[in-house]
Amino acid sequence: MFAARSLLVAAALLFLSACEGLFTGTQEQTHPLTQAEDGSFEAITLQLTPEMNPIALNFHGETIADANEGGRWNAYQATLSFDAATVASASFNINNAGTNDHPQGGAFAQTLFFVNVPQAGEYRLAIGLTRSKEITIEQPRIEIRRNTQPPPR
């Protein structure tokens with residue numbers, strides 16, 4: 001019984017260690033995203049300052065319950081730039097955990113990356129597909145959290 005409880009606690013700590021961007025710091029801004037027909041998103045402009053460092057950029061949305069989308073995913077590339085220079089970049093996937101027999105959708109939240117911006121200004125966030133769209137994302141939005149605690153490296 002003690003070993004099982006210890007294993008459960010260890011698993012919970014491991015899960016939470018990957019969520020610093022979602023739960024630490026303070027929510028600064030939320031930006032709705034406009035989705036193109038191909039599943040990519042229009043770039044957005046973010047007002048960021050060094051006083052907000054470290055900053056977490058989180059992607060939120062919902063997948064839909066569709067048997068044709070169960071077990072599939074979209075693959076994306078997110079790039080944050082300032083004056084056309086890349087400040088941060090990351091690849092990520094959003095999955096639909098349903099199956100053909102048990103379609104399901106639901107809310108998701110994922111940290112794209114943590115960043116320390118070098119100066120105040122307008123930063124551009126672009127999110128594009130890296131392969132063909134396979135699932136539907138509804139209510140896509142970006143959350144900016146300031147003064148977060150990134151995971152240890």
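Heavy-atom basis, side chains included; hydrogens, waters and symmetry copies ignored.
Checking His31 against Gln29 by side-chain atom types alone, a donor-acceptor pair falls below 3.5 Å.
Counting all heavy atoms, side chain and backbone alike, Thr30 lies closest to Gln27 at OG1-NE2, 3.2 Å. Minimum interatomic distance between Asn53 and Val117 (heavy atoms only, all atoms of both residues): OD1-N, 2.8 Å. When all heavy atoms are compared, the tightest approach of Asn96 to Ile64 is ND2-O, 2.9 Å. Nearest heavy-atom pair across Pro54 and Pro150 is CG-CD, 3.7 Å. When every heavy atom of Ala97 is checked against every heavy atom of Gln104, the shortest pair comes out as CB-NE2, 3.5 Å.
Here the CD1-CD1 distance, from Ile144 to Ile44, works out to 6.5 Å after rounding to the nearest 0.5 Å. Note that CD of Glu143 is 9.5 Å distant from CG of Leu57, once rounded to the nearest 0.5 Å. Ile127 CD1 to Ile142 CD1: the interatomic distance, rounded to the nearest 0.5 Å, is 4.0 Å. Between the CD1 atom in Ile55 and the OG1 atom in Thr148 there is a gap of 8.0 Å [rounded to 0.5 Å]. If you take CZ on Arg141 and CZ on Phe59, they are separated by 9.5 Å, rounding to the nearest 0.5 Å. We find the CE-CG distance between Met52 and Asn116 to be 11.5 Å, quoted to the nearest 0.5 Å.
With a 4.5 Å cut-off on side-chain heavy atoms, Ile137 and Phe108 count as touching. Inter-residue side-chain proximity for Leu46 and Leu80 is flagged as met; some heavy-atom pair is nearer than 4.5 Å.
Legend: residues meeting side-chain contact (heavy atoms from CB on, under 4.5 Å) with Asn147, ordered by chain and number and at least two apart, are absent. Every residue two or more places apart in sequence or in another chain was checked for a side chain to side chain donor-acceptor pair (under 3.5 Å) with Thr130, and none qualifies. Among residues two or more places apart in sequence or in another chain, the salt bridge (Lys or Arg N to Asp or Glu O under 4.0 Å) test is passed with Arg72 by Glu134. Partners of Ala43 under the side-chain contact (heavy atoms from CB on, under 4.5 Å) rule, at least two apart in sequence or in another chain, are Arg124, Ala126. Legend: residues meeting side-chain contact (heavy atoms from CB on, under 4.5 Å) with Asp83, ordered by chain and number and at least two apart, are absent. Applying the side chain to side chain donor-acceptor pair (under 3.5 Å) criterion to Glu69, with sequence neighbours excluded, gives Thr136. A search for side-chain contact (heavy atoms from CB on, under 4.5 Å) contacts involving Leu129 returns Asn74, Tyr76, Lys133, not counting sequence neighbours.
Within the 3.5 Å criterion, the main-chain N or O of Gly106 finds a donor-acceptor partner in the side chain of Thr63. Formation of a donor-acceptor pair under 3.5 Å by the Arg131 side chain with backbone atoms of Ala75 is not found in this model.
The list of ring pair (Phe, Tyr, Trp, His ring centres under 6.0 Å) pairs with a residue in residues 130-153, not counting sequence neighbours, is empty. Among residues at least two apart or in separate chains, salt bridge (Lys or Arg N to Asp or Glu O under 4.0 Å) pairs with a member in residues 24-35 are Glu28-Arg146. Screening residues 39-50 for side-chain hydrogen bond (donor to acceptor under 3.5 Å, both in side chains), with sequence neighbours left out, gives Asp38-Ser40, Gln47-Glu122, Thr49-Glu51. Applying the ring pair (Phe, Tyr, Trp, His ring centres under 6.0 Å) definition to pairs two or more places apart or across chains, those involving residues 115-153 are Phe82-Tyr123.
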Can you list, pair by pair, the side-chain donor-acceptor contacts under 3.5 Å of residues 84-94, counting residues two or more places apart and other chains?
unit_1 : atom_1 : unit_2 : atom_2 : d
Ser89  : OG     : Gln77  : NE2    : 2.4
Ser89  : OG     : Ala78  : O      : 3.3
Ser91  : OG     : Gln77  : OE1    : 2.6

